[in-house]
Amino acid sequence: PKVSSLEPVPEEGGLPSGGVAVSSEEKKNFLADEYVTSFNIVLKDKNKDVAYKRLNESREKILALLQKYSVGPQEYELLGTSLKKDWDYADGKRYFLGYTASQNVKVISHSKQESDSLEFDLTSFAFVDDASTQSRLKNAEALEVDVIKSACKKASRLAEENAQSVGAKVGKVISVEGSSEVEKLSTSDSVEVSASVSATLSLSGVENSGKSYVQVSQIENKKFLADKFIVTANIMFDGADKEALFKDMAARRGDVVQIAKDLGVAESEIEAQSMMLRKKQKYEFYGNESQKKAFRATQRITVNFTSKDAAGAFLDGIVGLENVNVLNAMPVLKNEDSLRVQVTNIAGKKAMARANAIAEGFDGSLGKVVAVSNKPLDEIGMTLLGARDGAMYRGKTARAHNLLLSNSPPDFKMNIADSVSVSAYLSVMAEIE
């Protein structure tokens, strides 16, 4: 979500003492103007190659449907595909059922009517599962700023009311903390924008020479089309004869490397790790499998592609090879560092917009920037909604994050996503004048 966190800035010796402390929260719902339909393409077959090919055929049918709706490449996303083995367990033994190939697809619609129609048409495909639509706001920046200001104004009124109740008057704001959040995806037709503020204001007539500060923390994520694709395959043989295992491995490694070379990949872009040969553990023997196959040989091969089509053709070629599994297939960016500069600049502009909203919300203006940091605030007690590492989660963000973790498939990616997400974190401290 487009999220900022406003943290308290302590004066020398800790947080300011005295004054009047207040908390306020503002929530507003806005009608969504964009809809995201998510679904899975799922195909099963006893044969790994057949399951994968049927998945490719089904994907083409989905793309034909999207073309019917005039959905452009920028309005849908094909996420990485997984290919996993299905097992059943009975009487202490496990039985192989076959392979399941699946891929998640996300489609953006610009009206509820359009998303409803698409979801209805998807029901005609037997291979489509878990279809659902959620709403969001295309650009909620201005709305979020307005809600922050509203929360600040409410905090100021509460401070005045509290001070008046004891015969005092409110002075300037000393410090502000809180958070703001735009609901990333909503299950209804409206999207919630919220802001919560805790502020300490001085009392008139009470000496306070300290300056006023606001600190805003901003996380920004932006996706870019990948320009490099890395595929890692694993070759594995079990057997009783070590010499035979070496020969089998060399032959299969040659098959994998040749497929890459036939696609125009230079030898320098193919990396084969050293082969590992070891005795199998007891738990690696299943069912009626022969205990005589006591040794396991494994070797990983990584291939770098500059074309997604070539990487896809490589996957198509090796998926049918026995004893070869794809461990990972991922998109990367050659110039990720320069793109991160772009994302950091966006984060900086948004952080300054939120800092300015807070300053104006307390009838002040934003002064000079006194500190900038890219170190996340992960200390206990500090809240950074939307963070991914070392930070606390609250409310809807917490539930959505936990759901994501519990539903994450343990399987490696088979196909390759089109884009890469680049993230930037920025913390800005500025004076309030």
Would you please test Glu360 and Asn356 for side-chain hydrogen bond (donor to acceptor under 3.5 Å, both in side chains) and show each step?
-> CA-CA 6 Å; Glu360 293 180 356; Asn356 188 66; 3.0 Å; yes
I need the [X] [atom1] to [Y] [atom2] distance, nearest 0.5 Å.
X	Y	atom1	atom2	result
Leu118	Thr123	CG	OG1	10.0 Å
Asn323	Asp255	CG	CG	10.5 Å
Asn221	Ser421	CG	OG	4.5 Å
Gln103	Leu43	CD	CG	10.5 Å
Phe237	Gln299	CZ	CD	10.5 Å

key: Trace of the side-chain hydrogen bond (donor to acceptor under 3.5 Å, both in side chains) decision for Asn40 with Asn104   = CA-CA 4 Å; Asn40 291 317; Asn104 183 253; 3.0 Å; yes
Practice prompt. Run the numbers on Glu77 and Asp418 for side chain to side chain contact (heavy atoms under 4.5 Å, CB included), then give the verdict.
Written response: CA-CA 7 Å; Glu77 185 176 9; Asp418 295 315; 5.6 Å; no
Keeping [X] on the side-chain end and [Y] on the backbone end, is there a donor-acceptor pair under 3.5 Å?
X	Y	result
Lys46	Leu97	yes
Ser24	Lys154	no
Glu431	Gly367	no
Asn234	Leu327	no
Ser135	Ser188	yes

Discussion item. Please determine whether the number of non-hydrogen atoms from other residues, nucleotides or ligands lying under 6.0 Å from atom NZ of Lys44 exceeds 12.
Written reply: no
>> I'd like to know whether NZ of Lys53 has more than 12 heavy-atom contacts from other residues, nucleotides or ligands below 6.0 angstrom.
In response: no
Any heavy-atom pair between the side chains of [Y] and [X] that's under 4.5 Å?
X	Y	result
Val343	Phe224	yes
Val22	Asn162	yes
Lys48	Asn325	yes

Can a salt bridge be assigned to the pair [X] and [Y] using a cut-off of 4.0 Å between side-chain N and carboxylate O?
X	Y	value
Glu322	Arg252	no
Glu34	Arg136	yes
Lys28	Glu144	no

Do you see a donor-acceptor pair shorter than 3.5 Å between the side chains of [X] and [Y]?
X	Y	answer
Glu119	Thr37	no
Asp86	Thr100	yes
Ser175	Tyr213	no
Ser109	Ser115	no
Thr232	Asn328	no

Not counting sequence neighbours, which residues clear side-chain hydrogen bond (donor to acceptor under 3.5 Å, both in side chains) with [X]? List them please.
X	answer
Glu114	none
Tyr69	Ser117, Asp121
Gln258	Asp262

List the atom of [X], the atom of [Y], and the distance in Å for their closest heavy-atom pair.
X	Y	result
Ala195	Ile148	CB-CA, 3.9 Å
Leu137	Ala32	CD2-CA, 4.0 Å
Lys368	Glu433	N-OE2, 4.5 Å
Asp49	Val319	OD1-CG1, 3.6 Å
Cys152	Val197	SG-CG2, 4.2 Å
Ala101	Leu55	CB-CD2, 3.9 Å

Sorted by chain and residue number, the salt bridge (Lys or Arg N to Asp or Glu O under 4.0 Å) partners of Lys27 (sequence neighbours excluded) come out as Glu25
By salt bridge (Lys or Arg N to Asp or Glu O under 4.0 Å), Arg253 pairs with (sequence neighbours left out) none
Practice item. Please report the C-alpha distance between Glu220 and Lys349 in whole Å, then the side-chain angles of each, then the deciding distance to 0.1 Å, and finally whether the salt bridge (charged side-chain N to carboxylate O under 4.0 Å, His left out) criterion is met. Key: CA-CA 11 Å; Glu220 186 66 26; Lys349 289 179 181 178; over 6 Å; no
task = Begin with the C-alpha distance, continue with both residues' side-chain angles, and end with the deciding distance and a verdict on salt bridge (charged side-chain N to carboxylate O under 4.0 Å, His left out) for Arg296 and Asp238.
result = CA-CA 4 Å; Arg296 172 165 289 180; Asp238 291 340; 2.8 Å; yes
With sequence neighbours left out, the residues meeting side-chain contact (heavy atoms from CB on, under 4.5 Å) with Ser102 are Val42, Ser82
- Give the C-alpha distance, both sets of side-chain angles, the deciding distance and a yes or no for salt bridge (charged side-chain N to carboxylate O under 4.0 Å, His left out) between Glu271 and Arg300. CA-CA 8 Å; Glu271 179 188 356; Arg300 290 189 180 186; over 6 Å; no
Only pairs at least two apart or in different chains count here, so list each ring-ring contact (aromatic ring centres under 6.0 Å, His included) that has a residue in [range].
range	result
residues 121-153	Phe125-Phe127
residues 169-194	none
residues 171-193	none

Checklist entry - Step by step, would you call Thr200 with Val173 a side chain to side chain contact (heavy atoms under 4.5 Å, CB included)? => result CA-CA 6 Å; Thr200 300; Val173 64; over 6 Å; no
Practice task
Please confirm whether Phe96 and Trp87 have ring centers closer than 6.0 angstrom.
Solution key: yes
Quick note, salt bridge (charged side-chain N to carboxylate O under 4.0 Å, His left out) partners involving residues 309-319, not counting sequence neighbours, are none
Quick note, salt bridge (charged side-chain N to carboxylate O under 4.0 Å, His left out) partners involving residues 328-345, not counting sequence neighbours, are Glu336-Arg340
Sorted by chain and number, sequence neighbours left out, ring pair (Phe, Tyr, Trp, His ring centres under 6.0 Å) with Phe305 holds for Phe314
